Number of protein chains: 2
Amino acid sequence: MTDGANTWQAVQAEVLRRIRSGQWAPGGAIPHEADLAQELGCARTTVNRALREVAEMGLIERRRRAGSRVAMRPVRRATLDIPVLRDEIEARGAAYAFTLQKREMALPPVSVQARLALGADRALLHVVGLHLADGHPYALEDRWIDPEAVPQVQDADFTTLSPNEWLVLTIPFEGGDIAFSAHAATQGEAAALRCPEGAALFVVERVTWRGEARLTCVRLTFAPGHRLVTVI
Amino acid sequence: MTDGANTWQAVQAEVLRRIRSGQWAPGGAIPHEADLAQELGCARTTVNRALREVAEMGLIERRRRAGSRVAMRPVRRATLDIPVLRDEIEARGAAYAFTLQKREMALPPVSVQARLALGADRALLHVVGLHLADGHPYALEDRWIDPEAVPQVQDADFTTLSPNEWLVLTIPFEGGDIAFSAHAATQGEAAALRCPEGAALFVVERVTWRGEARLTCVRLTFAPGHRLVTVI
DNA sequence: AAGTGGTCTAGACCACTCC
DNA sequence: GAGTGGTCTAGACCACTTA
């Protein structure tokens, strides 16, 4: 039994079935790759391919010499797609626009200094602008860019191309971290997003770095009602 | 040149370097696997392994017969770990506790009916409880469970083990979707979380299904200041 | 119809860990 | 030191898609 087609998907499905059914209990060891390969009638490479993804899902833990075990505390792992705001808005069938509100060199506040790990005396480029969907405020972008780390930014004109979009095109695919939170609208945010002061707003904060260098940090404050959705 | 060690990581690093440097421009085609393998001095399998992950990152698009191209609009893809609340709280070094506030069969509101795709006349199990960290309110859990889809729930006693935790142990690793948003505290939420009415709260809503059957939906409302963080 | 990526195999060696 | 997962190889066939 159990020898479904010898594809790695079939092996993976069988592995998931055994975990779900409790046949392989949380915290328990599972057979070695070689044994599984023989049992399921496929090459060890195929078993390896199947188990690798299960491990990436967080369902099993693998260690050399020690073998693989079902995770004691399985973690749900969701993948979030974070598109450029223009794409996100146009995907909803709305017309996109961006209005620049500020573009100046300035000393960042302490919170930004900390997030970028910079000294207190470094002036950064501060850009603030509003993303609009069909003319309605969609998100407020408040960004700090280190011109030493991103020298091209001196020539960037953000009046039509938002920094959000410009950066994706200019410095693609660097590392970073993201934080999601809720935040009561300040007076300025309320004015920009045309919502009551104190309204509950969804906030995305991101720091982008290349190697050790922090390039930019941004705070996106979305208009009320925004939802970030994904499928597990 | 370029022939770093013939590991898939080296191949992938080289591929990423070429994308970043613009040598392979967005929207442009990249060499075929076989050509790359020859150029970099490794087996095609190794190139395939490297490119597969780059495709999963969303940086390139691969199609049979058509070859691979650098994505025109690279999407940032973040993976979020969504632990059980007990683990999340204990990982912060705080003492975890759960208090059950409600457990009753009831007709769900329209919004829940819609999310679970159920008729208006189906009574569901409604469970409300508070997760505490060192005695302070951490998150309010408001959950609806379909007893027909999860019959074991009839025997579950949620006074000490939260439904959050019970469900992970009982029906592990099913599919679902998640939504994140911000929400102004209602009177009841404010009382439970000990915050001002109208405070900006971070909300996670989740629907869990198995195959076609919707099992449960939950709304987790976090105390003010909560942040969900991840690394890209 | 043909070319590309997707996958499987059998064998091999290596890196890491635990005993 | 020995056993496990991690990876590479060379070759092969298949599935899909586009020309």
Side-chain angles (χ1 to χ4, degrees), chain A residues 2-16 18-19 24-72 74-75 77 79, chain B residues 1-16 18-19 24-72 74-75 77:
Chain A
T2 69
D3 69 351
N6 49 359
T7 71
W8 69 265
Q9 288 97 334
V11 173
Q12 188 179 77
E14 173 63 16
V15 167
L16 292 175
R18 293 189 184 184
I19 295 175
W24 291 349
I30 73 176
H32 307 147
E33 291 187 349
D35 293 347
L36 263 181
Q38 186 174 9
E39 179 194 350
L40 299 177
C42 64
R44 184 170 78 90
T45 315
T46 307
V47 174
N48 182 280
R49 171 85 157 92
L51 291 184
R52 187 203 317 147
E53 294 211 350
V54 178
E56 278 170 10
M57 291 183 226
L59 301 193
I60 65 174
E61 296 165 355
R62 324 192 69 196
R63 264 182 305 176
R64 286 167 151 132
R65 167 80 193 188
S68 303
R69 326 190 131 265
V70 178
M72 196 67 98
V75 175
R77 206 157 281 168
T79 64
Chain B
M1 66 179 75
T2 69
D3 68 353
N6 48 0
T7 71
W8 69 264
Q9 288 98 333
V11 173
Q12 188 179 77
E14 173 64 15
V15 167
L16 291 176
R18 293 187 185 185
I19 295 176
W24 291 349
I30 73 177
H32 306 149
E33 290 188 349
D35 293 347
L36 262 181
Q38 186 174 10
E39 181 196 347
L40 299 177
C42 64
R44 184 170 78 91
T45 315
T46 306
V47 173
N48 183 279
R49 171 85 157 92
L51 291 184
R52 186 203 317 148
E53 296 212 349
V54 178
E56 279 171 10
M57 291 183 226
L59 300 193
I60 64 175
E61 296 165 354
R62 324 193 70 197
R63 264 182 303 176
R64 287 169 152 132
R65 168 81 191 186
S68 302
R69 330 190 127 265
V70 179
M72 194 68 96
V75 173
R77 206 156 281 166

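Just so it is clear: chains get the letters A, B, ... in the order the sequence lines come, proteins before strands, and each one is counted from 1. Keep in mind that the numbers below use all heavy atoms, side chains included, and drop hydrogens, waters and symmetry copies. Since the model is a prediction, treat every value here as computed from it, not as a measurement.
For the atom pair CD of A:Gln9 and CD of A:Glu53, the computed distance is 8.0 Å after rounding to the nearest 0.5 Å. To the nearest 0.5 Å, atoms CG (B:Asp35) and CD1 (B:Ile30) are separated by 11.0 Å.
For the pair B:Glu39 and B:Arg44, the salt-bridge criterion is not met [side-chain N within less than 4.0 Å of a carboxylate O]. The existence of a salt bridge linking B:Glu56 and B:Arg49 is excluded, since no basic side-chain nitrogen approaches an acidic carboxylate oxygen closer than 4.0 Å.
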Output a table of donor-acceptor pairs, distance under 3.5 Å, between side-chain atoms of residues 58-65 of chain B and any protein atom two or more places apart or on a different chain; print 'none' if there are none.
residue, atom, partner, partner atom, Å
B:Arg62, NE, B:Ser68, OG, 3.3
B:Arg62, NH1, B:Glu33, OE2, 3.3
B:Arg62, NH2, B:Glu33, OE2, 2.5

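The shortest distance between side-chain heavy atoms of B:Trp24 and B:Pro31 falls below 4.5 Å. The side-chain heavy atoms of A:Val15 and A:Leu51, taken from C-beta on, include a pair separated by under 4.5 Å. Side-chain contact between B:Leu36 and B:His32 is absent, with no heavy atoms from C-beta onward closer than 4.5 Å.
Every side-chain contact (heavy atoms from CB on, under 4.5 Å) that B:Arg69 has, sequence neighbours left out, goes to B:Ala29. Remark: A:Arg77 pairs with B:Asp81 by the side-chain hydrogen bond (donor to acceptor under 3.5 Å, both in side chains) rule, at least two apart or across chains.
Mapping heavy-atom proximity under 4.0 Å, the span of DNA chain C touched by chain A runs 5' to 3' from C:dT7 to C:dC19.
Of the residues in residues 44-54 of chain B, B:Arg44, B:Asn48 come within less than 4.0 Å of DNA chain C through at least one heavy atom, sorted by number. Only B:Arg63, B:Arg64, B:Arg65, B:Ala66, listed by number, bring a heavy atom of residues 60-72 of chain B to less than 4.0 angstrom from any atom of DNA chain D.
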